[in-house]
2 protein chains.
Amino acid sequence: MTQENVFKCNCPLARVTEVIGEPWTLMVLREAFLGTRHFNDFERELGIARNVLSVRLKKLVDLDLLERVRSETDRRAVEYRLTDASRDLLPILVGLAQWSGKWLCEGHSATRFVERATGREIPRIAVRAVDGRELAARDVTMVPGPDANPELVARFERAVTAAGDVQGG
Amino acid sequence: MTQENVFKCNCPLARVTEVIGEPWTLMVLREAFLGTRHFNDFERELGIARNVLSVRLKKLVDLDLLERVRSETDRRAVEYRLTDASRDLLPILVGLAQWSGKWLCEGHSATRFVERATGREIPRIAVRAVDGRELAARDVTMVPGPDANPELVARFERAVTAAGDVQGG
DNA sequence: CGGTATCCCATTTGATACTG
DNA sequence: CAGTATCAAATGGGATACCG
């Protein structure tokens, strides 16, 4: 099977690789969150090749993660702006940065996320139950939804009957 | 500048692309969360080429995201198990799946995350302040930590002075 | 079972030059 | 400013065969 087939399956995690799986894309989004709006600024800040940047921006616009609008102040300029969808990525970006800082950067703290109003650090992103309790990996499980493909459903059932510790390890 | 240089900078978000940026890696982790432990099972479930899988597993072990242990039941078999670091990715995976389900899969619900004990759906992953309030993009900002590289620090300062809406758009 | 080695091929990147 | 066009080079995936 080829990569593409897996990604086209009904798994949302697979589909998300379209976005964050592409090299540079996460960095482009970071820039957008940092306030970068213009093609040339993305290029300069990231040092990305112009053709690659062009393709990435197009795709992000296609996916509705960036909005391409003509600047109001300078009619010749174009601005790439965050959308509701990309703004909704904030918990992911914060979570990724926190996780990376903890497990990949080994104590280095290059970036911290803080609440703008108070300056206080954002607590770790966590999985919580409806009542707010924090949940560990073993407390959580995936179940197939109505649109799951039959293969995945079968796998879930096998996994559940085979062992209780699907998550934990 | 080449891609590698950017990623080697002190940005945790950049470093994280080493993990989730590689094609297949997210899928391998998904499999591990689903209980897959053996080389041949990863291969079969994902349809990934063996050489690629080999490289991915090695890297994940290198990064301490998988632990390679000899099976206790069958001495010849090898098991790849989740580690504390990879288990700590749960909020990210849940968040990504939720986000993808909402913005990429357009109403399709192939997978749902539920609390194992109650079967109730996991609420959306969110950024919260220390007191538990949910924060929006505009409420959050990044600040350079002690180990930030000077360039990023300068950019933050420029961004802050230039506009109040670094995040919002 | 758990890989490694090899080959071929497609894609993609980066650099650069050019355009409206 | 905001791209497009082109090209050489590197990378990286897939398939397959082989090995302890």
Side-chain angles (χ1 to χ4, degrees), chain A residues 1-9 14 17-28 31-32 35-62 66-81 162, chain B residues 1-9 14 17-29 31-32 35-63 66-81 162:
Chain A
M1 192 189 300
T2 170
Q3 211 174 299
E4 213 168 325
N5 293 330
V6 179
F7 295 173
K8 289 229 169 68
C9 84
T17 56
E18 273 189 51
V19 182
I20 61 168
E22 306 267 1
W24 288 118
T25 303
L26 204 57
M27 294 296 94
V28 171
E31 287 307 308
T36 300
R37 297 279 177 271
H38 300 288
F39 189 95
N40 284 354
D41 292 336
F42 282 107
E43 182 202 4
R44 183 169 34 81
E45 300 292 355
L46 292 175
I48 183 176
R50 296 174 71 80
N51 52 353
V52 177
L53 175 59
S54 178
V55 173
R56 290 294 176 273
L57 288 174
K58 268 198 188 64
K59 185 159 190 181
L60 285 169
V61 169
D62 261 15
L66 288 179
E67 188 190 6
R68 185 183 187 281
V69 292
R70 215 149 273 281
S71 167
E72 290 159 14
T73 58
D74 178 358
R75 281 301 169 71
R76 299 171 317 177
V78 169
E79 293 192 353
Y80 292 92
R81 297 193 192 161
Chain B
M1 192 188 302
T2 169
Q3 209 175 302
E4 214 169 325
N5 293 330
V6 179
F7 295 172
K8 288 229 168 69
C9 82
T17 57
E18 273 190 48
V19 182
I20 62 167
E22 307 268 3
W24 286 118
T25 303
L26 205 58
M27 292 297 94
V28 171
L29 286 173
E31 285 307 309
T36 299
R37 296 281 178 270
H38 300 287
F39 190 95
N40 284 351
D41 292 336
F42 282 107
E43 184 202 3
R44 183 169 35 80
E45 300 292 356
L46 292 175
I48 184 177
R50 297 175 70 80
N51 50 355
V52 178
L53 176 59
S54 178
V55 172
R56 290 293 175 274
L57 288 174
K58 266 199 189 63
K59 184 158 192 182
L60 285 169
V61 169
D62 261 15
L63 289 167
L66 288 178
E67 188 189 8
R68 185 184 187 281
V69 292
R70 213 150 272 282
S71 167
E72 290 159 13
T73 57
D74 178 359
R75 281 301 169 71
R76 300 170 315 177
V78 169
E79 292 191 355
Y80 292 91
R81 297 193 193 162

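In what follows, chains are A, B, ... by sequence order, proteins preceding strands, each numbered from 1.
- Ion pairing of A:Asp41 with A:Arg44 is present here, as a side-chain N (NZ or NE/NH1/NH2) and a carboxylate O approach within less than 4.0 Å.
- For the pair A:Leu53 CG and C:dG14 P, the computed distance is 11 Å after rounding to whole Å.
- For B:Asn40 and D:dC19, the CG to C1' distance is 14 Å, given to the nearest whole Å.
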Evaluate the side-chain contact (heavy atoms from CB on, under 4.5 Å) criterion for residues A:Phe42 and A:Val28: first the C-alpha distance (whole Å), next the side-chain angles of each, then the deciding distance (0.1 Å), finally the verdict. CA-CA 7 Å; A:Phe42 282 107; A:Val28 171; 3.9 Å; yes

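- Nearest nucleotide to the side chain of B:Pro23, out of C:dG14, D:dG13, C:dC1: D:dG13.
- Taking atom NE2 of residue A:His38 and atom P of nucleotide D:dG3, one finds them 11 Å apart after rounding to whole Å.
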Could you check B:Phe39 against B:Val78 for side-chain contact (heavy atoms from CB on, under 4.5 Å), going step by step and ending with a plain yes or no? CA-CA 8 Å; B:Phe39 190 95; B:Val78 169; over 6 Å; no

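- The phosphate of C:dG3 has neither OP1 nor OP2 within less than 4.0 Å of any side-chain N or O from B:Arg56.
- The shortest distance between the side-chain N/O atoms of A:Tyr80 and the OP1/OP2 oxygens of D:dG3 is below 4.0 Å.
- Distance alone, capped at 3.5 Å, places no donor-acceptor pair between the B:Arg70 side chain and the B:Glu79 backbone.
- Across all strands shown, A:Arg70 has no heavy atoms under 4.0 Å from either base or sugar-phosphate atoms.
- As rounded to whole Å, 17 Å separates atom P of D:dC19 from atom CZ of B:Phe39.
- One atom, CD of A:Glu18, and another, C1' of C:dT11, lie 16 Å apart when rounded to the nearest Å.
- The B:Ala49 side chain lies nearest to D:dG14 when the options are D:dG14, C:dG3, D:dA2.
- Each of A:Val52 and B:Val55 was matched to the nucleotide of DNA chain C holding its nearest heavy atom; the match closer to the 5' end belongs to B:Val55.
- Rounded to whole Å, the distance from CD on B:Glu43 to P on C:dT4 is 13 Å.
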Apply side-chain contact (heavy atoms from CB on, under 4.5 Å) to A:Val52 and A:Arg56, showing your working. CA-CA 6 Å; A:Val52 177; A:Arg56 290 294 176 273; 4.3 Å; yes

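- Contact annotation: A:Lys58 does not reach the phosphate of D:dG3 (side-chain N/O to OP1 or OP2, under 4.0 Å).
- A straight line from CD1 of B:Ile48 to P of C:dT4 spans 13 Å, rounded to a whole angstrom.
- Of the possible polar contacts, none joining the B:Arg81 side chain to the B:Glu67 backbone as a donor-acceptor pair under 3.5 Å is found.
- At the phosphate of D:dG3, neither OP1 nor OP2 sits under 4.0 Å from any side-chain N or O atom of A:Ser54.
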Give the C-alpha distance, both sets of side-chain angles, the deciding distance and a yes or no for side-chain contact (heavy atoms from CB on, under 4.5 Å) between B:Arg37 and B:Tyr80. CA-CA 5 Å; B:Arg37 296 281 178 270; B:Tyr80 292 91; 5.8 Å; no

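- Going from atom CG of A:Leu46 over to atom P of C:dG14 covers 11 Å, rounded to whole Å.
- Under the rule for a side chain to side chain donor-acceptor pair (under 3.5 Å), the partners of A:Asn40 that lie at least two apart in sequence or sit in another chain are A:Arg50.
- OP1 or OP2 of D:dG12 has not a single side-chain nitrogen or oxygen of B:Lys59 nearer than 4.0 Å.
- For B:Arg68, whose side chain is taken as the heavy atoms from C-beta onward, the closest listed nucleotide among C:dG3, C:dG14, D:dG13 is C:dG3.
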Expected rows: protein N/O vs nucleotides 5-9 of chain C N/O, under 3.5 Å:
unit_1: C:dT6; atom_1: O4; unit_2: B:Asn51; atom_2: ND2; d: 3.1

